[in-house]
Every structure is written in structure tokens, then in C-alpha cells.
Chemist: 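Here you go, one structure.
Keep in mind that the numbers below use all heavy atoms, side chains included, and drop hydrogens, waters and symmetry copies. All figures in this text were calculated on a predicted structure; none of them were measured in a lab.
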Amino acid sequence: MELATLRRMVREQYAVFENAPVGIVVTLPGQIRSFNPRAGEMFGYSSHEVGSIAPMEICVSTGDYQRLIAEAFAVLGRGGLFEKSEQQFRRRDGSTFWARLRGCAVEPGKRAAGTIWIVEDVTEARQALSEVQAIMTNASIGIMFTRNRVIRRANPAFCQMFGYAAGEAIGISTRSLYPDETAYRQLGADAYPQLACGLSFHTERTLVRKDGSKAWVQMIGYQVNARDPDKGTIWMLEDRTRERSDEQSLREAADAIRRARDELEVRVAERTAELAGANALLQEEINERRQAEARVHHMAYHDSLTGLPNRAMLSERLDAAMRVVASGDKLEQGEKLALLFLDLDRFKNINDSLGHMVGDQLLRNVALRLVTAVRPGDLVARLGGDEFVVLMPAIAGAEDAARVADRIIAALSMACQIDGRTLHISPSIGICLYPDDGVDVETLMRHADAAMYQAKAAGRNNYQFFTERMNLAASRHFELESNLRGALARAEYELYFQPIMCTETRRPRALEVLLRWRRNGVLVGPDEFIPILEESGMIMEVGEWVIRSACVQAMEWQREGLDVVPLAINLSARQFMHQGLVESIRRIVEETGIATSLVEFEITETALMQHGGQTLEILRQMNAMGICLSIDDFGTGYSSLAYLKRFPVRKIKIDRAFVRELEASAEDRAIVAAVMALANSLQLSVVAEGVETEGQYALLRSFGCQYAQGYLFARPLPAEQVARLLAG
């Protein structure tokens with residue numbers, strides 16, 4: 001071989017040695033002969049120290065060194081290539097690292113000729129693999145890794161969910177998880193287009209456990225490597241069977257899905273062993289980690305249902321916007337910022353009666369409308385439930401916030417078509433300004449919330465700006481709600497009864513049952529605490545207590561020999577639409593022994609008209625029990641004549657608003673006369689509320705009104721005073 005050629009080959013080999021991305025170490029028996037810069041960097045030694053380092057010094061212990069030499073030369077002595085995927089070494093400073101090791105003899109069979117070692121630092125990859133394994137083992141949801149639709153790996157939660165012993169599911173076809181071939185093929189047809197594009201696939205399907213039982217499972221699938229489908233797919237599965245049968249648990253299930261998504265780092269499974277080349281492996285791992293961090297960051301700052309920013313992002317953006325305003329850069333950024341706290345009116349009624357699936361679709365529809373209604377640069381966030389917040393930075397004054405609030409109300413006023421149903425929704429909006437109404441995030445949020453409650457109190461579907469008076473009202477509201485939660489257990493509720501008089505005899509014809517709350521010995525006005533019972537959902541339990549206690553009291557009067565009259569009990573809209581109402585009433589009637597002819601229920605027009613066919617079925621069941629039904633506050637709600645014909649109603653109550661000015665107002669007299677004519681034609685009884693003067697009473701009698709109720713006859717009375725009234 002020519003000398004020039006030999007020199008060129010030496011230079012090329014030296015360049016490879018010096019610039020290799022992996023460590024290269026040349027050893028003689030008991031001595032390190034040389035190493036390249038990458039190896040020196042790994043072990044912490046300079047090239048000048050090469051002659052003074054013994055191989056044993058870079059091993060963690062003498063035992064480790066001896067075992068490694070024994071394993072290596074059992075292979076190298078036969079002329080083979082020695083490989084070890086993990087070996088722990090020690091750096092000069094005493095710290096340790098994990099490396100992948102490959103070795104070959106310079107001259108096979110001649111140990112004295114030396115050995116060449118290739119060393120790759122795999123500490124980070126090993127740590128990543130350990131983290132992935134920990135996530136797989138401890139995840140609360142089922143996780144399986146599939147390749148070619150065969151289960152290659154499954155965590156304990158998956159095995160528990162589907163009834164497999166540890167390791168039993170490995171190697172079986174995913175076909176065994178589906179009830180039939182059609183369902184199996186359909187999943188593949190639905191999932192493939194999205195997975196092939198590198199997107200996640202979300203679905204809910206019926207799957208089959210090992211024992212043949214079926215489960216309703218929420219599934220989320222990801223490709224391990226979007227560029228190489230053969231790498232397989234990771235599936236996260238959560239058993240939603242119980243939540244599907246119990247709509248009230250769906251909110252908890254949604255939280256479980258959000259927690260599950262935080263465990264997405266399982267995507268790194270098996271990638272280390274299958275990727276070739278140290279540089280390619282490192283680059284791909286870095287890219288995947290960045291993508292995972294981006295997804296985790298997105299989930300940490302966004303609502304999973306609507307995709308809107310969540311409370312965490314809102315707090316950060318609000319704090320940043322406040323600092324901009326406080327900095328005084330008003331020409332560019334505006335003099336103030338506004339916070340709009342928005343709550344959907346009567347959303348709980350829709351959610352409870354139609355189910356969480358419909359409720360979730362409605363929330364997504366609302367989120368889209370809000371985003372289109374605000375200004376560019378405004379932030380729309382969802383706090384949870386039906387609560388949304390709009391952050392408006394850089395405004396000149398309250399007028400800017402009012403204009404956006406008007407646009408939001410207009411945007412939400414349009415009907416929503418969901419699952420063949422036409423739904424109507426409206427917002428109550430509270431507005432506060434920075435720095436006028438608070439100088440920190442917590443105060444602004446609290447004040448906007450207080451203004452929102454004032455908007456609800458003002459009739460809903462409107463907006464209110466915060467005032468200090470609202471702050472006091474919000475504190476009062478919170479105090480009352482906290483105390484109400486234990487009022488039933490503390491026996492603080494009482495029943496009062498107001499007589500409904502026959503206009504001919506001026507004798508009691510019925511008793512309206514009224515709920516009172518005695519807190520610390522003082523009666524709290526029903527206008528203060530009953531709306532809180534409605535909003536919090538406590539009205540269901542308290543309402544059942546009212547029905548039962550009233551029936552028990554009537555039976556007690558009957559046992560005392562009193563001439564008992566029917567009890568008129570109010571039902572709220574939420575009570576009326578509760579699926580267990582009719583059964584609850586039937587159970588109370590049977591347990592107390594009261595005759596159904598002594599039980600009447602009063603329902604507002606609004607409650608009657610909210611849910612059409614469902615309302616009619618409830619009324620028919622109650623009517624079939626012999627219970628009288630009456631419409632409360634007639635004339636203030638829908639006032640549609642059609643429902644009087646459709647629904648089995650026997651009585652209507654003229655609202656006190658038409659009775660108050662009866663003597664002075666010709667219009668009110670005309671309305672009452674028209675109601676009487678309508679009732680007579682439909683053979684309905686009429687009760688006039690709020691009768692306070694003899695003049696009102698006389699006019700009502702002249703119109704043919706059969707019954708009257710008001711302070712002219714009696715105020716609401718406790719049970720012992722009613723007993724004296726019934727005794728005559």
C-alpha cells in the first residue's frame with residue numbers, strides 16, 4: 001500500500017475517533033490505552049491523564065469490574081462482539097452514570113493486543129423509561145400498547161378493568177375486547193384516519209370483559225410515532241359504565257378524564273430500544289418531550305370540555321393585564337380593564353332534566369358564541385359548570401364593558417338546536433373594573449361574582465356593575481347558604497299555614513303551606529333563603545320534608561277531631577322536574593295515611609311550560625292519584641290558554657299584582673273579570689291572592705271568585721293557631 005494512501009486512511013480514522021458522538025476507549029489488560037474527547041467528557045478526565053487511569057477506577061466497584069470483564073471476555077475470547085445495554089460507571093468526581101457498552105477485540109483470541117470499547121450515555125433515556133413504567137403501573141386508568149391490533153403491554157388498571165391476571169392480556173388480539181366483528185371493524189375504520197394523520201382519537205364504545213360482561217368505555221388513542229405507524233398505538237381507557245347509567249356522576253367522570261390526560265407521558269414506551277443511532281435517538285426524544293410539554297401546558301391552562309382558557313390561565317392573564325394598567329402606559333393599553341362574570345340562567349334545570357350530555361353540548365355552543373361576541377384580544381375563560389369569565393384589557397371606561405355585555409346577551413338569546421330539542425339560554429352578567437373595584441385578582445373575581453348575583457336578583461338576562469352594596473349582599477348570601485346546609489339537621493325549619501277562604505262563607509276552604517326558617521331564634525324572610533335553596537339544589541331535600549311534615553300535621557289535626565281542609569303545597573320548578581317526585585309523593589301518602597283529597601300542589605306557569613311532554617306525564621300521574629293541581633301566580637308567566645286545555649289543572653290563583661289595585665284600576669278589574677270568565681268556561685276554581693281590604697273582597701265576590709287569600713282574613717299562622725281556627 002502506498003504511503004500516501006496509508007496516511008490518508010490514518011487521518012480519516014483519527015477524525016472519526018476524535019469527532020465521534022459516542023465514547024471510544026482503547027484498553028490493554030489492566031490499563032486504559034487511549035480514549036476520544038467524548039469519552040473524556042463522559043468520565044471527566046483530560047487526554048493528558050490517559051496513561052494514569054486503570055479500568056477498575058471507572059467502574060462503580062471492584063465486583064462490578066470483575067463481573068464485566070468475566071462477561072465480556074467470555075464473548076471476546078471467541079472473537080465475538082460484546083454488547084451490554086446497561087452498565088453503571090463512575091466519573092472522576094465520584095458521580096455515576098448509566099451507559100450502553102459494546103466491545104470488540106483488536107485481535108480476536110489475543111487479549112494482550114487490547115480491546116476497543118464504544119460507550120453511549122443512556123442515563124436520561126433510562127430515567128425516561130423508568131418514569132414511563134411508573135406512570136403505566138400507577139395510572140388510575142387502563143393503558144394498553146398495541147401493535148398490529150395485538151396487545152403488547154397493559155398496565156394493572158387495564159387488567160383489573162377487563163378481568164385479566166397480570167400479564168395474561170399480553171399477546172391477545174384486541175378483537176377479544178369487542179362484542180362482535182362489526183364493532184371491531186368499525187372502531188378501526190373510525191380511528192385510522194385520525195391516527196394516520198398524527199391526531200389523537202377520542203370515542204366511547206361498548207367493550208367486553210374477560211368474563212363476557214359488557215362495559216361502556218371512554219377511549220383515547222395516540223400513535224407512538226406518527227411518522228412510523230408500525231411503531232404501534234397507545235390507548236387510554238376508562239370504564240364509564242356507572243357514569244352512563246347515573247347522569248349525576250358524569251361530572252366526576254369528566255374530572256377523571258382530565259386527570260388521565262395528565263398521564264400522557266406514556267407515549268415514550270419502547271421507543272429507546274427500537275431507535276437506531278445515538279444522534280437520531282437523542283433528537284427524536286427531545287422533539288417528543290417538547291410536544292408532550294406543549295400538550296401538558298395546554299391541558300394545564302385550558303378547559304377540556306370547551307377548549308377555553310381555564311381559571312389558571314385567567315388568573316395569570318388578569319394579573320399581567322393589571323400590571324400593564326398600573327404601569328401607566330394608558331395611551332397604548334387603555335386606562336382600565338373589565339372583568340365580566342357570567343352565569344347561565346336555569347342551566348341546572350336543563351342539565352338535571354335532559355342529562356349531562358345535552359348540558360355539555362350546550363356549554364360548548366355557549367363557549368363558541370361568547371368567543372364570537374367579544375372583541376379581538378379579549379379572553380373568554382370557563383371556570384367550571386356554567387360559569388364563564390370575560391377579561392377585557394385596555395378599555396377606556398365602563399361603556400366599553402357594557403357594549404360587550406349587550407353583545408353577549410344578544411348572542412345567547414338565539415335558540416340552540418341540540419339532539420332535536422330547541423333550547424333557550426340567557427346569561428346573568430356581573431361586571432367590575434380595575435382599579436376602581438379592586439386591586440388584586442381575588443378581589444376582582446369576588447366582586448364580579450357579587451355583581452352577577454345581583455343581576456340574577458334583578459330578573460336574570462341582564463348585567464350589573466359592581467357596587468359596595470353588592471359586596472355586603474354577597475357576604476350575606478354566603479353566610480345564609482353556609483347556615484342553610486345544616487338547617488334541616490338542626491330542625492330549624494317550621495311550617496306556617498295561611499287560610500284560603502270561601503268567599504261565600506268566609507270559612508277556611510284550604511290552607512297554603514309556607515316554609516319558614518328560624519335562625520338563632522329569628523325568622524329569616526322566605527325571599528332571602530328560598531332562592532338560595534333553589535340555586536344550591538337543597539330545595540329537593542327540604543321540599544320533601546315540607547310535603548311529609550304537612551301531611552303528618554294534617555293527620556294529627558284529624559286525630560284531634562278537627563275539621564281538616566286540604567293543604568296547598570308549593571312545588572318549585574326544580575322539584576317538579578325531579579324524576580323521583582311522583583314516587584316520593586306516593587310514598588309519603590302511603591306512610592302518613594293521608595287522603596289524597598287533602599293534598600293539593602301549586603305550580604307556577606313557568607314551571608309547567610318548561611318541558612312539555614314530560615310535564616304532562618307528571619301531571620297525569622299526580623292527577624291519577626287524586627291530587628288536585630293548581631296554577632300559582634296566574635297571569636305573570638306564559639299566560640297561554642293552550643296549556644289550560646292540555647294539562648289536568650283544577651284551579652288557578654290570580655296573582656296579587658292584579659288584586660292590589662283592584663279598587664282603583666279599571667284595567668285590573670277587567671283582567672280579573674276576564675280570568676273569571678275563562679275559568680268558568682273551563683270549569684276551573686279561582687283563588688285570589690293578596691286580598692287586604694273589604695273593597696277588594698266585595699269586588700271579587702261580584703266577579704264570582706270562589707276563594708280568596710290574604711291579610712284581610714289571616715296572616716300565615718303556626719300550627720297551634722291553625723288548630724284553633726279549624727276548631728271554629
Side-chain angles (χ1 to χ4, degrees), residues 190-191 194 199-205 216-221 236 238 240 243-244 246-262 264 295 297-314 317 340-376 378-391 404-405 407-429 452 460-461 610-611:
D190 294 342
Q194 289 183 253
L199 303 175
S200 61
F201 175 69
H202 298 241
T203 187
E204 290 190 5
R205 302 288 165 115
W216 183 256
V217 178
Q218 179 156 354
M219 307 171 65
I220 304 176
M236 292 183 290
E238 182 170 13
R240 299 291 296 273
E243 288 81 349
R244 182 174 172 85
D246 184 0
E247 292 180 347
Q248 292 183 350
S249 299
L250 285 178
R251 192 179 304 279
E252 297 175 2
D255 291 339
I257 291 297
R258 284 192 291 274
R259 290 194 300 271
R261 291 175 184 171
D262 290 340
L264 287 178
R295 286 196 292 270
H297 183 272
H298 184 272
M299 288 187 292
Y301 285 94
H302 289 81
D303 170 51
S304 63
L305 176 64
T306 62
L308 294 177
N310 61 10
R311 187 185 295 270
M313 180 179 283
L314 173 66
R317 292 281 295 275
L340 282 64
F341 197 109
L342 183 151
D343 184 271
L344 301 181
D345 301 329
R346 302 182 181 88
F347 173 77
K348 288 184 176 63
N349 292 343
I350 295 175
N351 214 33
D352 292 346
S353 59
L354 300 182
H356 292 298
M357 300 296 285
V358 172
D360 287 350
Q361 290 185 60
L362 181 57
L363 288 173
R364 285 191 286 265
N365 186 289
V366 167
L368 180 61
R369 296 188 187 195
L370 289 176
V371 171
T372 58
V374 301
R375 309 172 308 167
D378 291 345
L379 177 76
V380 180
R382 179 179 178 233
L383 301 187
D386 60 335
E387 293 181 339
F388 297 84
V389 171
V390 177
L391 168 61
V404 170
R407 289 207 298 268
I408 289 174
I409 292 172
L412 298 187
S413 66
M414 294 180 289
C416 300
Q417 300 295 329
I418 297 178
D419 286 350
R421 297 181 175 91
T422 301
L423 303 179
H424 295 272
I425 201 73
S426 62
S428 294
I429 304 173
M452 181 274 293
R460 308 176 191 268
N461 198 29
Q610 276 185 344
H611 300 288

Chemist: Which heavy atom in H424 sits nearest to a heavy atom in A415, and how many Å separate them?
Modeler: CE1-CB, 3.6 Å

Chemist: Without swapping roles, check the side chain of Q194 against the backbone of S200 for a donor-acceptor pair under 3.5 Å.
Modeler: yes

Chemist: What's the separation between atom OG1 in T203 and atom CE in M219, rounded to the nearest 0.5 Å?
Modeler: 7.0 Å

Chemist: Quick check for you: to the nearest 0.5 Å, what is the distance between Q361 atom CD and L305 atom CG?
Modeler: 10.0 Å

Chemist: For the residue pair P427 and N461, establish whether any side-chain heavy-atom pair is separated by less than 4.5 Å.
Modeler: yes

Chemist: If only atom types and distance count, is the side chain of D419 paired as donor or acceptor with the main-chain N or O of V358 below 3.5 Å?
Modeler: no

Chemist: Measure the shortest side-chain to side-chain distance between T422 and Q417 over non-hydrogen atoms and say whether it is less than 4.5 angstrom.
Modeler: yes

Chemist: Report the C-alpha distance between L342 and V390 in whole Å, list the side-chain angles of each, state the deciding distance to 0.1 Å, and finish with yes or no for side-chain contact (heavy atoms from CB on, under 4.5 Å).
Modeler: CA-CA 8 Å; L342 183 151; V390 177; 5.6 Å; no

Chemist: Do R240 side-chain atoms and W216 backbone N/O form a donor-acceptor pair below 3.5 Å?
Modeler: no

Chemist: Can you tell me how far the CZ atom of R382 sits from the CD atom of E387, to the nearest 0.5 Å?
Modeler: 9.5 Å

Chemist: Nearest 0.5 Å, what's the CG-CG distance between D303 and L308?
Modeler: 6.5 Å

Chemist: Quick one: CG on N365 to CG on L370, what's the gap to the nearest 0.5 Å?
Modeler: 9.5 Å

Chemist: For the pair N310 (side chain) and A300 (backbone), establish whether a donor and an acceptor sit closer than 3.5 Å, ignoring hydrogens and angles.
Modeler: yes

Chemist: Minimum heavy-atom separation for G359 to N351, with atom names?
Modeler: CA-OD1, 3.4 Å

Chemist: If you define the side chain from C-beta out and look only at heavy atoms, does anything of L314 sit under 4.5 Å from L383?
Modeler: yes

Chemist: Quick one: closest heavy-atom pair of P309 and V380, and the distance?
Modeler: CD-O, 3.0 Å

Chemist: Mark yes or no for whether R421, through its side chain, and L354, through its backbone, hold a donor-acceptor pair below 3.5 Å.
Modeler: no

Chemist: Verify the distance criterion only: is there a donor paired with an acceptor across the side chains of S428 and D343 at less than 3.5 Å?
Modeler: no

Chemist: Can you tell me if R311 has over 12 outside heavy atoms packed within less than 6.0 Å of its CZ?
Modeler: no

Chemist: To check you understand the geometry: which heavy-atom pair defines the closest contact between M414 and R369, and what is its length?
Modeler: O-NH1, 2.7 Å

Chemist: Counting C-beta onward and ignoring hydrogens, is there a side-chain heavy-atom pair between L344 and L363 closer than 4.5 Å?
Modeler: yes

Chemist: What's the spacing between R346 CZ and L423 CG if we round to 0.5 Å?
Modeler: 14.0 Å

Chemist: Do F388 and L340 make a side-chain contact, defined as non-hydrogen atoms from C-beta onward lying under 4.5 Å apart?
Modeler: no

